[in-house]
Amino acid sequence: MLNAVASAVESGKLKKIEGIVQEAVDAGVPAGEILDTMIATMGVVGDKFQRNEIFVPEMLVAALTMKKGVSVIQPLLAGDAGAKYGKFILGTVAGDLHDIGKNLVGLMVESAGFEVIDLGVDVPAEKFVEAIKANPDCKVVGVSALLTTTMEAMKVTVEAIKAAGLCSQVKIMVGGAPITPEFAAEIGADAYTPDAGSAAQKAVELAQ
Ligand code: B1M
C-alpha cells in the first residue's frame with residue numbers, strides 16, 4: 001500500500017494519487033504513515049533532481065501529486081481544536097516558492113489550536129511585518145525556507161520584525177530543510193523545529 005503511494009508520488013501520477021491514498025486509508029494504514037511516506041518520497045525526488053536524473057517539471061509534478069495526496073488525508077490529520085491560542089502568521093520567505101512543508105506546518109498548527117494566516121510563498125519581509133501589525137492578537141510567526149540561497153531572506157525577515165519593534169508581541173519560529181538550530185539562533189529567531197509536528201508543539205509552548 002505504502003509502496004504504491006510512494007511510487008505514485010515519485011512518478012507524478014496526478015490522476016491516480018487520490019484513489020491510491022484512499023485505498024491505503026480504507027485498508028487501515030494510519031494517515032501519519034501515509035504522510036511520512038510521501039515526505040520521504042519527496043526526499044527521493046530531490047536526490048534524483050540533484051543527480052540530474054529528473055528535472056524541474058518532474059519535480060513539480062511530484063509536488064503537485066503529493067499535495068493532492070495530502071488533501072485526501074488532511075481531514076484525518078487535522079483535529080478541530082478551535083483557535084484557542086490565537087493567530088499564527090505563516091509564510092515562505094522572499095525568493096522561495098516551496099510550500100509543501102509550510103502547508104503541513106499550517107495544517108498541524110491549526111489542528112493544535114491556532115487560526116493560521118497563511119501569507120503564501122515568496123513573502124517579502126515587509127509583508128510579514130504588515131501582517132503582524134494588522135493582527136495585534138497574533139503571538140507566533142512561522143517563517144519557512146527551503147533553499148540555501150533564501151536563508152539570507154529568512155535573516156532579513158527576522159531582522160525586519162525585530163526592527164519594527166514587534167518582538168514583545170510575537171515569537172518567531174523558523175524551519176525548512178536547510179535551517180539548523182545554530183542558524184536559527186544566529187539570526188535571532190525564538191525557535192527552530194525540524195518538522196510540522198514539532199512546529200505545532202513549539203507554537204503552543206510559545207503562545208502560552
Ligand atoms: Co526545489 N529544491 N527547487 N522545487 N525541491 C529542493 C529544496 C532541493 C533540496 C532539491 C535538490 O537539489 N536536492 C534544492 C535546494 C538546494 C539548496 O538550496 N541547496 C532545490 C532547488 C535547487 C530548486 C530550484 C532552484 C530548481 C531550479 O529551478 N533549478 C527551484 C527554486 C524555485 C524557488 O523556490 N525560487 C526549485 C523548484 C521546485 C519546485 C517548484 C519544482 C518544487 C516545489 C513545489 C512546491 O513546493 N509547491 C520543488 C520541490 C518539490 C523540491 C523538493 C524535491 C521537495 C520539497 C518538499 O516539498 N519536500 C526538494 C528536495 C528535498 O526537500 N529533499 C527541493 C517535502 C516537504 C514535506 O518537506 O519542505 O522540507 P519540507 O518541509 C519539512 C521540514 O523542512 C519542515 O517541516 C516539513 C516536514 O514536516 N519545515 C518546517 C518546513 N518549513 C518549516 C517551517 C517551520 C518548521 C518546520 O517553522 C515555521
Side-chain angles (χ1 to χ4, degrees), residues 6 9-12 14 31-71 73-74 77 88-112 114 116-124 128 138-154 157-158 161 170-181 183-184 187 189-207:
V9 171
E10 193 179 332
S11 54
L14 255 179
E33 277 182 33
I34 298 173
L35 180 63
D36 287 346
T37 300
M38 289 195 274
I39 292 176
T41 305
M42 292 312 288
V44 174
V45 169
D47 292 344
K48 283 190 158 185
F49 173 76
Q50 218 164 14
R51 294 195 300 266
N52 290 322
E53 288 168 24
I54 60 164
F55 300 96
V56 171
E58 287 97 326
M59 193 156 70
L60 184 58
V61 179
L64 293 172
T65 308
M66 169 158 177
K67 279 190 182 182
K68 248 187 168 183
V70 170
S71 71
I73 51 171
Q74 190 159 335
L77 295 169
F88 182 98
I89 292 172
L90 176 64
T92 302
V93 296
D96 201 322
L97 302 175
H98 296 84
D99 69 353
I100 296 181
K102 168 188 71 64
N103 294 346
L104 288 177
V105 169
L107 182 67
M108 299 306 279
V109 164
E110 189 175 78
S111 64
F114 288 85
V116 174
I117 299 175
D118 190 341
L119 304 177
V121 296
D122 191 15
V123 182
F128 278 99
C138 168
K139 289 187 191 151
V140 194
V141 179
V143 185
S144 176
L146 257 289
L147 298 169
T148 46
T149 48
T150 56
M151 289 167 73
E152 177 63 22
M154 180 175 267
T157 302
V158 173
I161 295 170
V170 289
K171 299 279 187 219
I172 309 167
M173 286 176 51
V174 297
I179 310 304
T180 60
F183 178 74
I187 64 172
D190 296 294
Y192 157 83
T193 53
D195 56 46
S198 55
Q201 283 170 6
K202 185 54 88 178
V204 169
E205 247 174 64
L206 293 177

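Atoms within each ligand, like the ligands themselves, are counted from 1 in listed order. Since we're looking at a predicted model, the values are computed, not measured.
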Pairing residues for Asp99 by the side-chain contact (heavy atoms from CB on, under 4.5 Å) criterion, not counting sequence neighbours: Lys67, Lys102, Asn103, Val121
Short list, please: which atoms of ligand 1 are under 4.0 Å from a heavy atom of Ala177? 70 (O), 75 (O)
Atoms in ligand 1 with a heavy atom of Asp96 nearer than 4.0 Å: 34 (O)
Sub-4.0 Å atoms of ligand 1 with respect to non-hydrogen atoms of Ala196: 77 (O), 79 (C), 80 (O)
Residues Met38, Ile100; criterion side chain to side chain contact (heavy atoms under 4.5 Å, CB included); working and verdict: CA-CA 11 Å; Met38 289 195 274; Ile100 296 181; over 6 Å; no
From CD (Glu110) to CG (Asp118), nearest 0.5 Å: 10.0 Å
Provide, to 0.1 Å, the distance between atom 17 (C) of ligand 1 and the closest protein heavy atom, together with that atom's residue and name. Thr148 OG1, 3.6 Å
To the nearest 0.5 Å, atom CD1 of Ile34 lies from atom CD1 of Ile39 at 12.5 Å
Show which atoms of ligand 1 fall inside a sub-4.0 Å distance from at least one heavy-atom site of Gly176. 75 (O), 81 (N), 82 (C), 83 (C), 84 (N), 85 (C)
What residue and heavy atom of the protein are closest to atom 35 (N) of ligand 1, and at what distance? Gly95 O, 2.9 Å
Checking heavy-atom distances from atom 46 (O) of ligand 1 to each of Val70, Asp99, Thr41, the winner is Asp99
For ligand 1, is there an N or O atom under 3.5 Å from any N or O atom of Leu90? no
Where is the nearest protein heavy atom to atom 67 (C) of ligand 1: which residue, which atom, and how far? Leu104 CD1, 3.6 Å
Show the atoms of ligand 1 that are less than 4.0 angstrom away from any heavy atom in Leu60. 40 (C), 41 (C)
Closest heavy-atom pair and its distance - Leu77, Ala31: CD2-CB, 4.0 Å
Closer than 4.0 Å to some heavy atom of Asp195 - which atoms of ligand 1 meet that? 76 (C), 77 (O), 80 (O)
Testing the basics here: between Met66 and Leu35, what is the closest heavy-atom pair and its distance to 0.1 Å? CE-CD1, 4.3 Å
Protein non-hydrogen atom found under 4.0 Å from atom 21 (C) of ligand 1: yes
Could you report the tightest heavy-atom contact between Val93 and Met154, atom names first, then the distance? CG1-CA, 3.7 Å
Looking only at distance, does Thr149 have an N or O less than 3.5 Å from an N or O of ligand 1? no
Nearest-0.5 Å distance that lies between atom CD1 in Ile172 and atom CG in Leu206: 10.5 Å
Under 2.8 Å from atom 1 (Co) of ligand 1, which protein N, O or S atoms do you find? Ignore water molecules. His98 NE2
Checking heavy-atom distances from atom 53 (C) of ligand 1 to each of Met38, Met173, Met42, the winner is Met42
What protein heavy atom sits nearest atom 63 (N) of ligand 1, and how far off is it? Gly43 CA, 3.7 Å
Can any side-chain N or O of Glu58 pair as donor or acceptor with the backbone N or O of Phe55 at less than 3.5 Å? yes
Give the residue and atom name of whichever protein heavy atom lies nearest to atom 44 (C) of ligand 1, and the separation in Å to one decimal. Ala63 CB, 3.6 Å
Please find the pair of heavy atoms, one from Phe88 and one from Ala203, that lie closest to each other, and give the distance. CE1-CB, 3.8 Å
Just let me know how Val143 lines up against ligand 1, side chain, backbone, both or neither, with a heavy-atom cut-off below 4.0 Å. backbone
shortest atom 84 (N) of ligand 1-to-protein heavy-atom contact is with Ser144 OG, 2.8 Å
Show, in sequence, the C-alpha distance, side-chain angles and deciding distance for Val170 and Cys138, and conclude whether the side chain to side chain contact (heavy atoms under 4.5 Å, CB included) test is met. CA-CA 7 Å; Val170 289; Cys138 168; 4.0 Å; yes
So, for atom 76 (C) of ligand 1, does the protein have a heavy atom nearer than 4.0 Å? yes
Does Pro178 come within less than 4.0 angstrom of ligand 1, counting non-hydrogen atoms of the residue? no
For Asp122 and Leu97, indicate whether the former's side chain and the latter's backbone hold a donor-acceptor pair under 3.5 Å. no
Scan for side-chain hydrogen bond (donor to acceptor under 3.5 Å, both in side chains) pairs involving residues 37-50, sequence neighbours excluded, and state none if there are none. Glu10-Lys48
When you measure from the side chain of Lys68 to the backbone N and O of Leu14, does any donor-acceptor pair fall under 3.5 Å? yes
How far is atom 73 (C) of ligand 1 from the closest protein heavy atom, and which atom is that? Gly101 CA, 4.2 Å
Does an N or O anywhere in Gly142 fall below 3.5 Å from an N or O of ligand 1? no
Let me have the donor-acceptor pairs involving side chains of residues 140-153, under 3.5 Å, with sequence neighbours excluded, atom names and distances please.
from	atom 1	to	atom 2	distance (Å)
Thr150	OG1	Asp96	OD2	2.7
Thr150	OG1	Leu147	O	3.1

One should read off an interatomic distance between Lys171 NZ and Glu205 CD, to the nearest 0.5 angstrom, of 11.5 Å
First locate atom NZ of Lys202, then atom CE of Met173, and finally report the distance between them rounded to the nearest 0.5 Å. 8.0 Å
Closer than 4.0 Å: a protein non-hydrogen atom to atom 24 (C) of ligand 1: no
Check each atom of ligand 1 against the heavy atoms of Val105 and keep those under 4.0 Å away; list them by number with element. 82 (C), 85 (C), 86 (C), 87 (C), 88 (C), 89 (C)
Heavy-atom contacts under 4.0 Å between Val174 and ligand 1: side chain, backbone, both, or neither? backbone
Please identify which atoms of ligand 1 are closer than 4.0 Å to at least one heavy atom of Thr193. 88 (C), 89 (C)
Evaluate the 4.0 Å heavy atom contact test for atom 89 (C) of ligand 1: does a protein atom fall under the cut-off? yes
Test Thr157 against Val174 for side chain to side chain contact (heavy atoms under 4.5 Å, CB included), laying out the working first. CA-CA 10 Å; Thr157 302; Val174 297; over 6 Å; no
Within the 4.0 Å heavy-atom cut-off, what Pro194 brings close to ligand 1 is backbone
Closest contact, heavy atoms only, Phe128 versus Leu90: CE2-C, 4.3 Å
Test item, Lys67 contacting ligand 1 (heavy atom, 4.0 angstrom): yes
